[in-house]
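Notes follow the structure.
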Amino acid sequence: MKRIGITGGIGSGKSVVSNLLRVMGYPVYDTDTEARRLMNSQFELKAQLIEAFGADIYAGGVLNRPLLASRTFGNPKQIARLNAIVHPAVQHDFERWVFERRETTGFVESAILYESHFDRLVDEVWLVTAPEALRIERVKQRSGLSVNEIRRRIAAQMSEEEKSRRATHIINNDGSKSLIATVLSLLGV
């Protein structure tokens, strides 16, 4: 299976591209969704998280995400610890997912494709971009976060310039060109 990574900063539209691909019949592995599933269902992963962050991060067997976030946010050592536990589990699950598929092309969506080293597991990377002002407006409308909170999240992510240098293809999602036409062109359809 040809593996294509989809990445982009918050509010860029990477999920819109992923949803278009799903509608077109392509399988898409969403790392955020699958990480949440694994953290709540995989016994070994849960045990590692409990050992690292305390038994109280699970209530009734369900991960208390806000509590875990409060123990990691703003602390690079704790974030690295969390990532060292979760990223390998998600990557292993992705490999299993690929093995179970019969399609010739599959996609993986990840906001932190490079930071999590998922880029090593794909054949090419599609970077979805949009101007920062448009990204801020999109996130503000869907999340209710303040502009300052959104800017902090943008600043915490790898820069668009760095991602652009490393990406195979760049999808400009500013509304100036049909997103569907761009995706179809990249697919060679």
> Does Val90 share a hydrophobic cluster with Leu68, counting links as ILVMFWY side-chain heavy atoms below 4.5 Å and allowing steps through other members?
Replying inline: yes

> Nearest heavy-atom pair of Ile10 and Gln157: which atoms, and what distance?
Replying inline: N-OE1, 3.0 Å

>> Just by distance, no angles: are the side chains of Thr129 and Glu160 close enough, under 3.5 Å, to form a donor-acceptor pair?
In response: no

>> A cation-pi test, strictly: NZ or CZ of Arg3 under 6.0 Å from the centre of the six-membered ring of Phe118 and no more than 45 degrees from its axis. Yes or no?
In response: no

> What heavy-atom pair brings Leu145 and Lys140 nearest, and what distance separates the two atoms?
Replying inline: O-CG, 3.6 Å

> Do Ile171 and Met24 share a hydrophobic cluster, counting only Ile, Leu, Val, Met, Phe, Trp and Tyr and linking them when any side-chain heavy atoms are less than 4.5 Å apart?
Replying inline: yes

>> Using side-chain heavy atoms (C-beta onward) and a distance below 4.5 Å, is Leu63 in contact with Ile57?
In response: yes

>> Any non-hydrogen side-chain atom of His87 less than 4.5 Å from a side-chain atom of His117?
In response: no

> Can you check whether Arg96 reaches Glu100 side chain to side chain, under 4.5 Å on heavy atoms?
Replying inline: yes

>> Please determine whether a side-chain nitrogen of the Lys or Arg among Glu34 and Arg37 lies less than 4.0 Å from a carboxylate oxygen of the Asp or Glu.
In response: yes

> Step by step, would you call Glu162 with Arg165 a salt bridge (Lys or Arg N to Asp or Glu O under 4.0 Å)?
Replying inline: CA-CA 5 Å; Glu162 176 64 21; Arg165 282 193 293 276; 2.6 Å; yes

> Is there a salt bridge (Lys or Arg N to Asp or Glu O under 4.0 Å) between Glu149 and Arg153 once you walk through the steps?
Replying inline: CA-CA 6 Å; Glu149 290 170 313; Arg153 291 183 182 200; over 6 Å; no

> Of all heavy-atom pairs between Ala111 and Lys163, which one has the smallest distance, and what is that distance?
Replying inline: O-NZ, 3.5 Å

> Going by heavy atoms in the side chains, are Arg138 and Asn173 under 4.5 Å from each other?
Replying inline: yes

> Which pair of non-hydrogen atoms, one from Val128 and one from Gly13, has the smallest distance, and what is that distance?
Replying inline: CG1-C, 3.8 Å

>> Any heavy-atom pair between the side chains of Glu51 and Gln48 that's under 4.5 Å?
In response: no

>> Taking atom CD1 as the centre, does Ile180 end up with more than 12 heavy-atom neighbours from other residues, nucleotides or ligands that are less than 6.0 angstrom away?
In response: no

> Going by atom types alone, do Asn148 and Ser146 pair a side-chain donor with an acceptor below 3.5 Å?
Replying inline: no

>> A side-chain contact here means heavy atoms from C-beta on lying under 4.5 Å apart; do Val98 and Tyr29 qualify?
In response: no

> For His92 and Leu45, what are the C-alpha separation, side-chain angles and deciding distance, and is it a side chain to side chain contact (heavy atoms under 4.5 Å, CB included)?
Replying inline: CA-CA 12 Å; His92 179 74; Leu45 181 58; over 6 Å; no

> Do Asp56 and Asn64 have side-chain heavy atoms sitting under 4.5 Å apart?
Replying inline: no

> Where do Ser116 and Gln91 come nearest, in terms of heavy atoms and distance?
Replying inline: O-NE2, 2.6 Å

>> Under a 3.5 Å cutoff, is there a donor and acceptor pairing between the side chains of Glu137 and Gln141?
In response: yes

> Would you find more than 12 non-hydrogen atoms of other residues, nucleotides or ligands less than 6.0 Å from Arg71 atom CZ?
Replying inline: yes

> Linking I/L/V/M/F/W/Y whenever their side-chain heavy atoms sit closer than 4.5 Å, directly or via other members, would Val16 and Tyr26 fall into one cluster?
Replying inline: yes

> Honestly curious: do Met158 and Val122 fall in one hydrophobic cluster under the side-chain, below-4.5 Å linking rule?
Replying inline: yes

>> For Leu67 versus Ser70, what's the shortest heavy-atom pair and its separation?
In response: O-OG, 2.7 Å

>> Are Val28 and Phe94 linked, directly or through intermediate hydrophobic residues, by side-chain heavy-atom contacts shorter than 4.5 Å (ILVMFWY only)?
In response: no

> Val17 versus Leu21: any side-chain heavy-atom pair under 4.5 Å?
Replying inline: yes

